Amino acid sequence: MESTMKDLRGGATVLDMDPKSTVGGGVEDVYGEDCATEDQLVTPWTVSVASGYSLLRDPRHNKGLAFTEKERDAHYLRGLLPPVVATQQLQEKKLMHSIRKYQLPIQKYMAMMELEERNERLFYKLLIDNVEELLPIVYTPTVGEACQKYGSIFKRPQGLYISLKEKGKILDVLKNWPERSIQVIVVTDGERILGLGDLGCQGMGIPVGKLALYTALGGVRPSACLPITIDVGTNNEKLLKDEFYIGLRQRRATGQEYAELLHEFMTAVKQNYGEKVLIQFEDFANHNAFELLAKYGTTHLVFNDDIQGTASVVLAGVIAALKLLGGSLADHTFLFLGAGEAGTGIAELIALEMSKRSNAPVEETRKKIWLVDSKGLIVSSRKDSLQHFKQPWAHEHEPVNNLLDAVKAIKPTVLIGSSGVGRTFTKEVVEAMASLNEKPLILALSNPTSQSECTAEEAYTWTKGKAIFASGSPFDPVEYEGKVYVSGQANNAYIFPGFGLGLVISGAIRVHDDMLLAASEALAGQVSEENYANGLTYPPFSNIRKISAHIAANVAAKAYELGLATRLPRPENLVKYAESCMYSPVYRSYR
Ligand SMILES: O=C([O-])CC(=O)C(=O)O
Ligand SMILES: [Mg+2]
């Protein structure tokens, strides 16, 4: 490869990245990015940038003060930067210092988004090195607030907007995106953003946040990630009346009009990116979420994070919790508050795992699992009026019309909140769980924090420290009677980055339920004795890249076993292979 080439006519510069460079980079970094993408990369090492000035404004390549003297000479940067040359470590220190000075999480969020727009590698360096501190900023819960305020926060487009106006032209819209070799798309239609409801076009914050985690936690390179918001209108009256609303000002299209737009989108994605691009559905309302997954699950590589990702992370926590609770999976009785995507998705995956472990048909194992919705316990006498996804859970029982009575009647060992409605695990409900169980397992999954079924403090104080508790949004440690309780975060962020990486590195063409079980087993396997000793059923996020590599390896192994993997030959050591494929945010040096 030639060293730096310059087109003297326009002062243009060609960034010829040194694949063996160790100056701020490393062999692992450079080869790492390549191996996950071999057959899809169209722009390998050489990238044209118009001038030194535009190099500084290109977030993918900008290094700010970290450009070396040699690079400043070679790439027309002389005089465009102050004299000092800083290391990436120093830049990181400076930025963390200034982010920590902000009082409000939303200010930190905006500072992080600005950084992503200015210097992508530095953004990921911060996020990876400070994951426990910054995850609640770029992701749940702050991302929820960011979506609510997206109209005023929004500065530059961070993904693709496909609205009803683009009907008939979606393929052309996809071609407007600058990157060609996309591996993961996260798409929302904004109808059920976390537990915050219909935020229409402002839901874009969610695919952007999820994909930042794909890169930081799962190592999928940023240029292979594409956030998409499909705008079919919104039924949120407040947004419809807001003069600054950024989306289509109409009520949601439904029925055939909706289905046709989604179908055009799904077809265009496959046509433009091939059949190995992963399409992750995120925060769709129940009816569309189930329908899209069923409709496209057999023709596309699709994954619904709220149904399948949440199910896999909760199953992992339950498997891990068996060490603390005792008994086998089938010895436990589960009660859910919420029978939507998350609730029924989790219930089905637990029933499936129970069936595999105890060699019983899934129709039998489902009977260990009960769901409560807004009308009370789901029982057989309600069957005819139930939506199809609730019907498998309509067991024989007399009607029970509230959660507290359901707890008393069913006597669950595990209570799971997935309703999207906050403060529904009342003191009476939690106390009832504690009176029934030596160690009640209580999972308050709804997001963001305002929608959590109860707080960590409530769970520990109301059970007098007996509960094993985890929540979808993070809570600080709680002190109760002189002891500190640290709760786990049962959030699909543990699963989807590694799960997606596993699909990508194996070249999988379909998602299979057994891959979800494989991901759960891998995550549960990462909980250490020390974590258990602290009452934790999830490992800390500080180890997430190692965790993701294990999840990816298990998922890829399952893809090979099921004949769904296309990348051959199968690497022998899949954990090592997954690790070697992960994006590193360390700067590259330019010759
Ligand atoms: O985004 C999160 O934190 C988890 C999730 O998918 C949801 O709540 O919809
Ligand atoms: Mg979600």
Side-chain angles (χ1 to χ4, degrees), residues 105 109 131-132 134-148 150 184-199 202-214 216-218 227-230 279-286 288-290 292-293 302-317 336-338 340-346 349 416-422 443-453 470-475 487-500 516 519 523 538 541 544:
Y109 175 89
V131 65
E132 292 193 309
L134 293 178
L135 207 57
I137 302 300
V138 302
Y139 186 63
T140 307
T142 311
V143 73
E145 186 184 350
C147 288
Q148 289 173 311
Y150 208 72
V184 184
I185 290 172
V186 176
V187 59
T188 188
D189 73 354
E191 189 167 3
R192 195 236 75 196
I193 293 299
L194 308 176
L196 301 171
D198 184 350
L199 297 183
Q202 300 189 172
M204 182 57 108
I206 294 294
V208 168
K210 293 272 173 186
L211 284 164
L213 269 52
Y214 257 105
L217 279 49
I228 298 184
T229 294
I230 295 190
I279 304 173
Q280 174 165 319
F281 294 119
E282 194 68 54
D283 292 7
F284 283 74
N286 285 330
N288 290 326
F290 286 110
L292 290 169
L293 190 60
V302 291
F303 170 70
N304 185 300
D305 190 34
D306 303 296
I307 300 173
Q308 299 171 303
T310 305
S312 185
V313 80
V314 171
L315 176 60
F336 286 76
L337 176 64
E341 327 169 31
T344 60
I346 301 161
L349 203 65
I416 301 179
S418 57
S419 62
V421 187
L443 306 176
L445 300 179
S446 296
N447 296 313
T449 320
S450 59
Q451 308 310 108
S452 190
E453 284 78 5
S471 53
S473 300
F475 282 105
S487 56
Q489 195 183 348
N491 190 294
N492 49 32
Y494 273 112
I495 291 289
F496 70 80
F499 191 85
L516 300 173
L523 177 55
Y538 291 96
F541 268 111
I544 187 66

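Atoms within a ligand are numbered from 1 in the order they appear, just like the ligands themselves. Everything numeric here is computed off the predicted structure, so don't read it as measured data. Side-chain atoms are counted along with the backbone in the values below, which use heavy atoms only and exclude waters and symmetry mates.
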Shortest non-hydrogen contact from Ser452 toward Phe475: OG-CE1, 3.6 Å
Parallel under 30°, tilted from 30 to 60°, perpendicular over 60°: which one fits the rings of Tyr494 and Tyr538? parallel
With respect to the Mg ion (ligand 2), what is the nearest N, O or S atom of Asp283? OD1
The answer for which part of Ile206 has a heavy atom under 4.0 Å from ligand 1 is neither
At less than 4.0 angstrom from any non-hydrogen atom of Asp305, what atoms of ligand 1 do you find? 6 (O)
Atom 3 (O) of ligand 1: closest protein heavy atom, distance to 0.1 Å, is Thr140 OG1, 2.4 Å
When you measure from the Mg ion (ligand 2) to each N, O or S atom of Asp306, which atom gives the shortest distance? OD1
For atom 4 (C) of ligand 1, what's the nearest protein heavy-atom neighbour? Residue, atom name and distance, please. Asn447 ND2, 3.3 Å
Carefully, step by step, assess Phe284 and Phe290 under the rule ring pair (Phe, Tyr, Trp, His ring centres under 6.0 Å). CA-CA 9 Å; Phe284 283 74; Phe290 286 110; over 10 Å; no
I need the contact type for Thr310 against ligand 1. Using non-hydrogen atoms and a strict under-4.0 Å cut-off, is it side chain, backbone, both or neither? neither
Hey, does the side chain of Glu453 reach the backbone of Leu445 with a donor-acceptor pair shorter than 3.5 angstrom? yes
Considering just N/O/S atoms, say which atom of Glu282 is closest to the Mg ion (ligand 2). OE2
What I'd like to find out is whether the side chain of Ser473 reaches to under 4.5 Å of the side chain of Ser471, using heavy atoms alone. no
For Asn491, which part has a heavy atom under 4.0 Å from ligand 1: side chain, backbone, both, or neither? side chain
Provide the closest heavy-atom pair for Asn447 versus Gly472 in the form atom of the first, atom of the second, distance. OD1-C, 3.0 Å
Residue, atom name and distance, where the atom is the protein heavy atom closest to atom 9 (O) of ligand 1: Arg192 NH2, 2.5 Å
Provide the closest heavy-atom pair for Phe303 versus Gln308 in the form atom of the first, atom of the second, distance. CA-OE1, 3.3 Å
I need the minimum non-hydrogen distance between Ile544 and Val131, along with the two atoms involved. CG2-CG2, 4.4 Å
Which atoms of ligand 1 are found less than 4.0 Å from any heavy atom of Glu282? 6 (O)
